[in-house]
2 protein chains.
Amino acid sequence: MAVTIKKIAELCGVSRGTVDRVLNNRGKVKPETEALIRRVAEQLDYKPNIAGKALAARKKSFVIGVIVASEGNPFFDDVLKGIHQAENELHDYGVKIIIKTMKGYDIQRQLKLIEELEGGIHALILNSISDAEIAAKIDELTDKGIPVITLNTDIENSKRLCYVGCDYVKGGETACGMLGLLTGGRAKVGVITGSVKILGHNQRVQGFRNVIKRRYPGIEVVDFAESNDDDIIAFEATKKMLLEHKEIDALFIAAAGAYGVCRAVISLGLENKITIVCFDDVPSTVEMMEKGLIKATICQQPFLQGNKSVHIAYDYLVSGARPHNDQFIVENKIKILENLYQTP
Amino acid sequence: MAVTIKKIAELCGVSRGTVDRVLNNRGKVKPETEALIRRVAEQLDYKPNIAGKALAARKKSFVIGVIVASEGNPFFDDVLKGIHQAENELHDYGVKIIIKTMKGYDIQRQLKLIEELEGGIHALILNSISDAEIAAKIDELTDKGIPVITLNTDIENSKRLCYVGCDYVKGGETACGMLGLLTGGRAKVGVITGSVKILGHNQRVQGFRNVIKRRYPGIEVVDFAESNDDDIIAFEATKKMLLEHKEIDALFIAAAGAYGVCRAVISLGLENKITIVCFDDVPSTVEMMEKGLIKATICQQPFLQGNKSVHIAYDYLVSGARPHNDQFIVENKIKILENLYQTP
DNA sequence: TTGTATGCGTTATCAA
DNA sequence: TTGATAACGCATACAA
């Protein structure tokens, strides 16, 4: 039979209340008794029963705040779906969610949204901007007892509880691996990134270059442009790039803007010449895959990211549990036309 | 606040016990009261609280039997790991698991194993052979109140509770999609399947042909052989095939035996000529991917299959919950060298 | 500093 | 046929 608080209490000759105080660090226990209880719990490998915790937790109520830069970015549609489903799943357990959305990555705007939420939440899920001011704010919340979970974008040197998102470097490596296979290892590549200011985008490009160096000497990056995650800018930049570099026969799109890129390729009549690899499966990308323009896309489980971030926040609030290594890394999944539609 | 049995009881002016009897079909309730309770529960959209159920269920104990054809088949290593982890996760809830393994697909042997278990289990997870005698046995168990979950291989026309595994047709389609991309849509393919008697293998080949017809007229299947999931037989068959058909420049391996196939290719010095696509990422396949022989493999989340099958059995025993559409379909994941190692 | 009592939602037992 | 009550493991308000 499993070890329970009751059993530990009996074994130590104290009451359940005392064991609870020790195991949950509530203080007010004589040091000797505390030591004894800890020793016994350790030896018996006590694991709190989740169902019991959840049931007892129903009496409380948890408000979780969410801030995402989802406006005008369809990638976040599935992230938000995952969050909403988690809210549903945890509704029974007294979880309420307040979502604030923003457009693009404006530091002051994000700070303002955090301040709007901060008084009324028990935890914050933050699609964070990698910036010192934001990091300081995260530390402030954490010190106040509001854990912060970074979602999709991480931030270094902060007291965030954990990061939920993909491994961007590995994503870039996977993209290059696919391009290598699709082109027989010979390609002149144009890179269209989102912004050199965004860590994740740079990491993808870095991963891409890693694999060139490691396995594909025949792949060469001949030009590089930024789209600011905007289809129009991507369209213009791609057109310019392809006109200036007639030798380009592959495009690596490290961020949003794939639709603009594809339209540029079409407008120059280069559909059959250029191999395109990109990220995520937003509707416009799916459309371009069906047209045959985009051969492969690397996806990062947006639904799972949203869903998991909420569950992690709840688990931490209820039982102090935190994920292994302070992170939950989703997979980079290769999708081609044939395996696009599958159960999440 | 969520709807509970207590609330329904109050609203109907009866005791919790009575509501419980109605909602769990235990009988012994006056028809009028039953109708009233059902109506109220329906209207309030009553959803039983899982934590409550789990807690109450601790008093019972569940024995789940598992039969898998895992002997000599490393694919099942991860399936078994998933099962063991589920046992760990549910240990607190009184779940015990008895695993019986077999080698290959021998109907009489499988029947015998079922009979050995049948007296002492509350549910059965069965890596079933698609056969009428087995189907009849499944129905017998089901009628006795022992739900049967088919794992990795399904069986038609039976009263099994649900199927946990992949969509084999889609797996074959994905494999052909990859091969099309890797070869620029032009290939002379040799197909090495496991056995024409195994439904899943046939479905993969079917999916492969679907995509040839749909998108890749330049891909042609020139020969076909069986490996019986055995590396030695696969080795011999591949060698023969490649010697007879010098034009073959791609191999589609629909089942186990990939290692034998690769060794045949190596022994003929054709490493650089032949594009190989296969299934699953057993250690010998990973080795061949690292050597560059296998370009891509389609994986089917073995760990998740094992883990999920146990959880589904438990959920059904505790709360009568069954998965949507009587199945839990795992994904066909494309893996190349760069995204082979990731969190499960 | 410690113990006791109560409740979370569900199920089982026993008495009526 | 029904209702009352205890139990599962945990958390906590309150009493000692």
Side-chain angles (χ1 to χ4, degrees), chain A residues 1-37 41 44-62 90-95 314-315 317-321, chain B residues 1-37 41 44-62 90-95 314-315 317-321:
Chain A
M1 248 300 133
V3 187
T4 68
I5 284 190
K6 189 177 165 188
K7 188 171 290 175
I8 296 177
E10 284 166 7
L11 247 55
C12 295
V14 297
S15 77
R16 282 169 274 196
T18 306
V19 177
D20 174 65
R21 275 186 289 271
V22 171
L23 264 26
N24 292 293
N25 309 304
R26 299 185 217 285
K28 311 193 181 187
V29 179
K30 203 177 1 159
E32 301 97 273
T33 5
E34 164 153 7
L36 172 66
I37 291 171
L44 268 52
D45 191 29
Y46 168 74
K47 295 257 169 40
N49 180 294
I50 325 132
K53 270 189 189 285
L55 216 43
R58 273 197 58 134
K59 286 185 260 187
K60 309 184 210 164
S61 122
F62 302 103
L90 296 175
H91 179 257
D92 270 15
Y93 300 100
V95 172
Y314 173 73
D315 289 347
L317 290 174
V318 168
S319 61
Chain B
M1 248 302 132
V3 187
T4 67
I5 285 191
K6 189 178 165 188
K7 188 171 288 174
I8 296 176
E10 284 165 8
L11 247 55
C12 296
V14 298
S15 76
R16 282 171 275 191
T18 307
V19 178
D20 173 64
R21 275 185 289 269
V22 171
L23 264 25
N24 292 291
N25 311 303
R26 299 186 216 285
K28 313 195 181 187
V29 179
K30 203 174 6 157
E32 302 95 273
T33 3
E34 165 153 5
L36 172 67
I37 290 170
L44 268 52
D45 191 29
Y46 167 75
K47 295 258 166 43
N49 180 295
I50 325 132
K53 269 187 190 286
L55 214 45
R58 274 196 57 130
K59 288 184 259 186
K60 309 186 211 164
S61 123
F62 303 103
L90 296 175
H91 178 257
D92 271 14
Y93 300 100
V95 171
Y314 173 72
D315 289 347
L317 289 174
V318 168
S319 62

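Letters go in sequence order (proteins before strands), and every chain restarts at 1.
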Would you say a side-chain N or O of [X] is under 4.0 Å from OP1 or OP2 of [N]?
X	N	result
B:T18	D:dT1	no
A:N24	D:dC10	no
B:R16	D:dT2	no
B:R58	C:dT11	no
B:K59	D:dA6	no
B:T33	D:dT1	no

> Got A:N49 and B:R58 here, is their nearest side-chain heavy-atom distance under 4.5 Å?
Replying inline: yes
>> With a 4.5 Å cut-off on side-chain heavy atoms, are A:T33 and A:V14 touching?
In response: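 Yes - at least one pair of side-chain heavy atoms lies under 4.5 Å apart.
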>> Walk me through whether B:D45 and B:V3 qualify under side chain to side chain contact (heavy atoms under 4.5 Å, CB included).
In response: CA-CA 7 Å; B:D45 191 29; B:V3 187; 5.9 Å; no
>> Looking only at the side chain of B:I5 (C-beta and beyond, no hydrogens), which of the listed nucleotides C:dG3, C:dT10, D:dA11 gets closest?
In response: C:dT10
May I have the distance from [X] (atom [atom1]) to [N] (atom [atom2]), rounded to whole angstrom?
X	N	atom1	atom2	answer
A:K60	D:dA11	NZ	P	7 Å
A:K7	D:dC8	NZ	C1'	13 Å
A:R21	D:dG9	CZ	P	20 Å
B:I50	C:dC8	CD1	C1'	14 Å
B:I8	C:dT11	CD1	P	12 Å
B:N49	D:dC10	CG	C1'	14 Å
B:L23	C:dT10	CG	P	9 Å

>> The test is side chain to side chain contact (heavy atoms under 4.5 Å, CB included); show your working for B:F62 and B:L90 and say whether it passes.
In response: CA-CA 10 Å; B:F62 303 103; B:L90 296 175; over 6 Å; no
> Relative to the 5' end of DNA chain C, which residue comes earlier, B:L55 or B:R26, by the nucleotide with the nearest heavy atom?
Replying inline: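 Nearest-nucleotide comparison on DNA chain C picks B:L55.
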At 4.0 Å (heavy atoms only), tell me whether [X] reaches a base, stays on the sugar-phosphate, or touches nothing.
X	answer
B:K53	sugar-phosphate
A:K30	sugar-phosphate
A:K28	base
A:D20	base

> Does the B:D20 side chain pair with the main chain of B:R16, one donor and one acceptor, at a distance under 3.5 Å?
Replying inline: no
> Yes or no on side chain to side chain contact (heavy atoms under 4.5 Å, CB included) for A:L11 and A:L44, after CA distance, side-chain angles and deciding distance?
Replying inline: CA-CA 11 Å; A:L11 247 55; A:L44 268 52; 3.7 Å; yes
> Of B:G17 and A:Y46, whose nearest nucleotide on DNA chain D comes first from the 5' end?
Replying inline: B:G17
> Hey, does the side-chain of B:K6 have a donor or acceptor N/O within less than 3.5 Å of a partner on the base of C:dG9?
Replying inline: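 Check fails, no donor-acceptor contact within cut-off.
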